[in-house]
Amino acid sequence: MLISLTVISSLAACGTKDAQETTKASETTTEAESELAETERAEGTGETVTAAEMPEYVSAFDLGDISEYVELGEYKGIEVKAMDTEVTDEEVEEELKSQVENTEPSYEEIREGTVAEGNVANIDFEGKMNGEVFQGGTGKNFNLTIGSGQFIPGFEEGLVGKTIGDTVVLDLNFPEQYSPNPDFSGKAVEFTVTINYVQGEEIPNELNDAFVERTTDGQYKTVEEYRTYMKQEMAKSRTEEARVGKVNAAWEKVEANATFKKEAEELIQYNYDTQLYQVESMLSMYGMDMESYLSAMGTTQEEFQKDITEYAEQSARWQLLVRAIVEAEGLEPADEEYESGLERLAEETGMTVEAMKTNYSETMIKDILRQEAVQDLLEETAVEVSAEG
């Protein structure tokens, strides 16, 4: 959502303190907590100062009197244009057509006869050296073109003429010079191979019962059944889009109606450092430096810093508004609300409550609950009007 700020998607997607993710919907960055580098704001200089640690989390609730920063305008009863959530039969058919067109081709499964040169055999295999399974020597439902030379000498040849459905044992040796893994060079290996089936003719993708059953792994068996399901899912998706759109549209007006008196420099600095730290961490994962990244993006250091400065300032305004509304409406989570919210967030992120408390501060958790409360308020109080209205 538009008002999702720096901490929400961090907890929604992480699982460890070092996890990091960017939420596109709000174009804000999470509390990136990897261990690479921190940068300080350097507007207009084209320089980046690398520091040792990630900056300590800063909340709008850490600031002084909120009235020094922002004065709320109208924020309840905001009129927003209603979104049409109806899903037409034509739209469902277009979706089904797209699925048919974009589904990978499938093939008949020949389960009788023998394997021949040029066949594509679907196999399960397990390799052992000195009686021990080794890494990279096992596979299931692997499609192997016989004669392609994809496996070591003797493997594919050893399947030619074998009966489909049988399990065969191949006693082989790795080549004397085996470049993919020199440690395997010349070593004896035993492969146990089950021939599941051989690929036959390609099955044309057509919207029929067989296609539905095949592509849904038997969950749906007829086109009508699947068509009904798709319409329901598309309606759910559109309803959710409308809900998010309603809150976003209301939030835009809340921001436009507010009067910002002065910038929250500490908050802006934190947002800037966090965003830049996030990018640096991502680049480190891919072995790329900032200069190469900026070149690939077709931008300059100055333009990049300008962008994240604008991001930091925008995020700070949103955070100030959240605090102002929380205080105006008495939305501060009570102790029991905090505890129940903490349990819910832990469940959503696959963490234990204790792990959440260890990895994230109480302020950070409360900021998530505060933001959710403001979103709920906007959703409840915004007034939807017809598009023509």
Side-chain angles (χ1 to χ4, degrees), residues 15 95-223 225-226 282 284-288 292 296:
E95 174 61 27
L96 294 175
K97 179 182 177 183
S98 175
Q99 290 185 16
V100 170
E101 292 174 348
N102 292 291
T103 296
E104 290 293 324
S106 55
Y107 300 85
E108 294 176 352
E109 297 178 1
I110 301 173
R111 297 183 179 272
E112 295 181 350
T114 58
V115 178
E117 188 83 7
N119 283 164
V120 177
N122 182 275
I123 61 173
D124 299 337
F125 62 92
E126 181 181 72
K128 292 182 179 181
M129 285 191 292
N130 299 319
E132 298 291 333
V133 176
F134 60 91
Q135 186 175 3
T138 302
K140 284 189 174 295
N141 292 314
F142 186 89
N143 289 323
L144 174 63
T145 301
I146 306 301
S148 63
Q150 190 172 355
F151 278 37
I152 63 173
F155 189 103
E156 295 165 31
E157 294 88 339
L159 300 182
V160 174
K162 297 299 187 293
T163 301
I164 299 171
D166 281 0
T167 296
V168 299
V169 177
L170 305 174
D171 291 313
L172 306 172
N173 288 86
F174 280 97
E176 290 299 326
Q177 301 295 325
Y178 187 63
S179 57
N181 189 335
D183 291 339
F184 291 174
S185 296
K187 288 188 176 181
V189 59
E190 178 187 271
F191 282 104
T192 301
V193 185
T194 298
I195 306 167
N196 299 319
Y197 60 85
V198 167
Q199 281 187 2
E201 295 295 322
E202 180 177 339
I203 301 173
N205 285 335
E206 299 176 359
L207 186 59
N208 52 33
D209 293 348
F211 173 84
V212 167
E213 186 168 6
R214 183 173 68 252
T215 57
T216 66
D217 292 327
Q219 185 175 1
Y220 300 96
K221 299 185 183 303
T222 69
V223 172
E225 185 181 5
Y226 188 60
M282 178 192 70
S284 176
M285 290 172 59
Y286 290 99
M288 180 181 289
S292 299

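The first residue in the sequence is number 1, and the count goes up from there. When reading the values below, keep in mind they use all heavy atoms of this one structure, side chains included, and skip hydrogens, waters and symmetry mates. Here the structure is a predicted model, which means the values were calculated and not measured.
Every residue was checked against the ring pair (Phe, Tyr, Trp, His ring centres under 6.0 Å) condition with Phe211, not counting sequence neighbours, and none meets it. For Arg214, there are no salt bridge (Lys or Arg N to Asp or Glu O under 4.0 Å) partners, not counting sequence neighbours. When the side-chain hydrogen bond (donor to acceptor under 3.5 Å, both in side chains) test is applied to Glu95, the partners found at least two apart in sequence or on another chain are Gln99. Taking the side-chain contact (heavy atoms from CB on, under 4.5 Å) definition, one finds that Pro204 meets it with Glu206, sequence neighbours left out. By the side-chain hydrogen bond (donor to acceptor under 3.5 Å, both in side chains) test, Ser292 pairs with Asp289, sequence neighbours left out. Partners of Glu104 according to the side-chain contact (heavy atoms from CB on, under 4.5 Å) rule, which considers only residues two or more places apart in sequence or in another chain, do not exist here. Contacts of Glu213 classified as salt bridge (Lys or Arg N to Asp or Glu O under 4.0 Å), with partners at least two apart in sequence or in another chain: Lys221. Remark: Thr145 pairs with no residue by the side-chain hydrogen bond (donor to acceptor under 3.5 Å, both in side chains) rule, at least two apart or across chains. With sequence neighbours excluded, no residue forms a side-chain contact (heavy atoms from CB on, under 4.5 Å) with Glu112.
In plain terms, the two heavy atoms of Glu202 and Tyr107 that are nearest each other are CA-CD2, 3.5 Å. Residues Thr216 and Tyr226 approach most closely at CG2-CE1, 3.8 Å, considering heavy atoms. Nearest heavy atom pair, residue Gly200 against residue Ile110, reads CA-CD1, 3.7 Å.
Side-chain atoms of Glu156 come within 3.5 Å of backbone atoms of Phe151 as a donor-acceptor pair (strictly under, hydrogens ignored). Between the side chain of Asn205 and the backbone N or O of Glu101 there is no donor-acceptor pair closer than 3.5 Å.
Every pair passing side-chain hydrogen bond (donor to acceptor under 3.5 Å, both in side chains) that includes a residue from residues 158-184 is listed here, sequence neighbours excluded: Thr167-Thr194. For residues 116-140, every residue pair satisfying the side-chain hydrogen bond (donor to acceptor under 3.5 Å, both in side chains) rule, not counting sequence neighbours, is listed here: Asn122-Asn143, Asn122-Asn196, Asn122-Tyr197, Asp124-Asn196.
Taken from CD1 in Ile195 to OG1 in Thr114, the straight-line distance is 9.0 Å, to the nearest 0.5 Å. One distance of note links CG of Leu172 with CD of Glu157; it measures 9.0 Å at 0.5 Å rounding. Considering OG of Ser106 and CD of Glu201, their distance stands at 12.0 Å, rounded to 0.5 Å.
Ring-plane geometry between Phe134 and Phe184 is classed as perpendicular, the angle between the planes exceeding 60 degrees on a 0 to 90 degree scale with a lower cut at 30.
Results of the side-chain contact (heavy atoms from CB on, under 4.5 Å) test with Phe125 over Val193, Thr192, Val168 single out Val193 as the only residue that passes.
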- prompt: Hey, mind stepping through Leu144 and Gln150 against side-chain contact (heavy atoms from CB on, under 4.5 Å) and telling me if it holds?
  reply: CA-CA 8 Å; Leu144 174 63; Gln150 190 172 355; 3.8 Å; yes
